[in-house]
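What follows is a set of notes on a single structure, which appears directly below.
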There are 2 protein chains.
Amino acid sequence: MSIQAVADKAGVSIATVSRVFNAPDKVLPATRALVESVARELGYLPSASARTLRTQRSRVLGVVLPTLLNPTFAECLQGLAQAAAEAGHAIVPLTTGYDLDAEQRAVDQLLAREVEGMVLVISNPQTSAALARLQARQRPYVLAYNRHPAHCCVAVDNEAASAEAVAHLAALGHRRIAMVSGTLAQSDRSQQRHRGFLAGMDAAGLDAPPLIEVPFVEVAVDALRERLAAPGRPTALFCSNDLLAIRAVRAAHLAGLRVPQDLSVMGFDGIALGDELTPRLGTIEQPAADIGRRAAQLLMAALDEQRAPVPADSLLLPHRLRTGESCAPPPDMRADEPTQPTTTKSRRRPAR
Amino acid sequence: MSIQAVADKAGVSIATVSRVFNAPDKVLPATRALVESVARELGYLPSASARTLRTQRSRVLGVVLPTLLNPTFAECLQGLAQAAAEAGHAIVPLTTGYDLDAEQRAVDQLLAREVEGMVLVISNPQTSAALARLQARQRPYVLAYNRHPAHCCVAVDNEAASAEAVAHLAALGHRRIAMVSGTLAQSDRSQQRHRGFLAGMDAAGLDAPPLIEVPFVEVAVDALRERLAAPGRPTALFCSNDLLAIRAVRAAHLAGLRVPQDLSVMGFDGIALGDELTPRLGTIEQPAADIGRRAAQLLMAALDEQRAPVPADSLLLPHRLRTGESCAPPPDMRADEPTQPTTTKSRRRPAR
DNA sequence: CTGTTAGCGCTTTCAG
DNA sequence: CTGAAAGCGCTAACAG
């Protein structure tokens, strides 16, 4: 089913058929109607590859994500896909599993597919070989979730958000607040969140215990359970993401601790599911769908202007503290100090 | 960066460059090495659109899914994407939000993108206009999750699986088991699962109470809470999917019922998260990633043989009952039949 | 307003 | 083993 067939059957030239699809007002209404009906009859659809070859515009966006198994990225992709579809663009998503080689391969594959630009969530913009590849090729791109002054990024302020989370826990009266994270080196987000944690602890006048680093999610529950059984356990856990927080809640239960009565757990991401759990998960909500949507829009806007997005185009999206039900005052304060004891001196300094 | 540039720089014809990439053994090793080095130096990548136009093979698969917000589909897409990538195919996913018009638009968009074939999860194969469109166009496709004798499908036996779930609950001693589902008309899966529920109830010699149909997930919790507060409430709930089951657990807590002591909750899908919750969600596991993977492989295999997948190619994948912790004997039996061990100190929740 | 024509970059006979 | 040449289907000047 080619443009030629339509032209023949309608008794016009292929140029006219092309115009009917690309510049309808340049065609006499009568001719247009004729061509349109013939096209519909034949079920004609313009060939995307021919069009791409001729115009050098594929109207395809590449997307590189760590995984779809984390709902925050799935939601992001959904927002991104919607924005792209609305603007007549298709997307080709690739997942990397947080693997640096995979990131690079993904970029190469996308490059070979002639995507016009890419939205990527990478491990670390600072050191990314994939990004270097992209820049060498001069392909427009926007980073999502990542945040770095040298690139165009759409993200929340991880550091400020984490500090807020800590402030919230401190305001509840917690003094022994520990942070739980995946491998720090694995992502700039983790690092930023950890810095925010430290800043928040400092602002609250608290000593930050060593980071609880969980190399693989599979071992998270066991590692945490152990830590929670040890003496001088924290009364609150700030987790680098909601998936980890959910595991922390589980670890607490396995250790015989109730959440939030014995242990408060705070997450990060704000996955929709967290709000349906019991207890509802306290977390920092980031607008995942918006991150995807805005990143796509930013990219497409730049593409339309024949330019690449620049760092100055970066967007800092608002986050929000979701209180949830998994955070409450620590055990030793529940008797006499129900609310907001920020300035109170603790009577018992924990070891460590 | 075109093939011509490489040919010029290497001092050979474009045909030779093409052969180096498509039939390396038809080129003298020396020439090949030369061309390869030049190509690498120039960062040459063959143009996908030109290739597609010439060969009439895009090596792109279209994917139509209800939503990525349900982890089962996200996981499916991940498996599918991986299989496609391994075979050198890209995927273009589109979501429909369970909307029939959107399904049709998605198929049209994909058709216009010249995908070689599609994997789709649709509302109902029986009545799908989108499918009709596809067949008219003779584009190969495979259905995933759906199950219908007239189409090539990759799915589990929803009916048998649901009956098993009911049998499990009945074996625990439950007699008042109710099923919770989204709008039945919305998907063939719901209908099959409901049939399985009825069959299971029948096999257990139990009367099936009316289906609890929840039109929108947003109202699920309220609707369920109400139902659980009414007299003659069920002692076990079989939910059409895990997302619904998680809400059922929440509704139970809000109604002052403990899960599983006062109410058993069983889901369907086996999303990974369910196994991390407290209580761990009892459910029917279906191999989501495999469904995606096998569907993609099936489709690509057919494509390679220049044919469309047929109903006889359909795959019935195994499901598995995941016991979890959210199911236990009903309250009135707990005196003589001890509950399953929950390691946590279960505490009565306040009614709200 | 409509038609003619020249490629976009590549694969693939067909010669040599 | 290598090259010349013919399009794949379409868009965008350019003529008329």
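To find a chain, count down the sequence lines: A is the first, B the second, and so on, and within it residues start at 1.
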I need the CD1-P distance between A/I3 and C/dT4, as an integer number of Å.
14 Å
Please list all pairs passing the ring pair (Phe, Tyr, Trp, His ring centres under 6.0 Å) test where one or both residues lie in residues 103-131 of chain B, with sequence neighbours left out.
none
Return each pair, listed once, that meets salt bridge (charged side-chain N to carboxylate O under 4.0 Å, His left out) where at least one residue sits in residues 288-310 of chain A; pairs must be two or more places apart or across chains.
A/R57-A/D304, A/D290-A/R293, A/E305-A/R307, A/R307-A/D313
Checking A/A272 now: which residues fulfil side chain to side chain contact (heavy atoms under 4.5 Å, CB included) with it, not counting sequence neighbours?
none
Residue set satisfying salt bridge (Lys or Arg N to Asp or Glu O under 4.0 Å) with B/D99, at least two apart, ordered chain then number -> none
Are A/R147 and A/D188 close enough for a salt bridge, meaning some N to O gap below 4.0 Å?
no
Taking for each residue the nucleotide of DNA chain D bearing the nearest heavy atom, is the 5' side occupied by B/K26 or by B/L53?
B/K26
Ranking D/dG3, C/dG9, C/dT4 by distance to the side chain of B/S13, first place goes to D/dG3
Go through the structure and list residues passing salt bridge (Lys or Arg N to Asp or Glu O under 4.0 Å) with A/D269, not counting sequence neighbours.
A/R193
D/dG9 OP1/OP2 closer than 4.0 Å to side-chain N/O of B/Q56
yes
Using 4.0 Å as the upper bound for N to carboxylate O, is an ion pair formed by B/E41 and B/K9?
yes
Kindly say if A/T16 contacts the phosphate of C/dG3, meaning a side-chain N or O under 4.0 Å from OP1 or OP2.
yes
Phosphate-side-chain proximity, B/S18 and C/dT12, N/O vs OP1/OP2 below 4.0 Å:
no
Can you see if the side chain of B/T31 gets near the phosphate of D/dT2 - specifically, an N or O under 4.0 Å from OP1 or OP2?
yes
Comparing A/L45 with B/D25, nearest DNA chain D nucleotide closer to 5' gives the residue B/D25
Dump the pairs, protein N or O against N or O of nucleotides 14-16 of chain C, anything under 3.5 Å, distances to one decimal.
none

Which nucleotide, C/dC10, D/dA12, D/dG9, lies nearest any side-chain atom of B/S2?
C/dC10
So, does B/S47 get its side chain near the phosphate of C/dG9, meaning an N or O under 4.0 Å from OP1 or OP2?
no
Within the structure shown, what part of the strands sits under 4.0 Å from A/S49 by heavy-atom distance: base, sugar-phosphate, or nothing?
nothing
Under 4.0 Å, counting only non-hydrogen atoms across every strand here, what does A/F21 touch: a base, just sugar-phosphate, or nothing?
nothing
Counting any heavy atom closer than 4.0 Å, what does A/V27 reach on the DNA or RNA strands: base, sugar-phosphate only, or nothing?
sugar-phosphate
Classify the nucleic acid contact of A/T55 as base, sugar-phosphate or nothing, counting any heavy atom under 4.0 Å across all strands shown.
sugar-phosphate
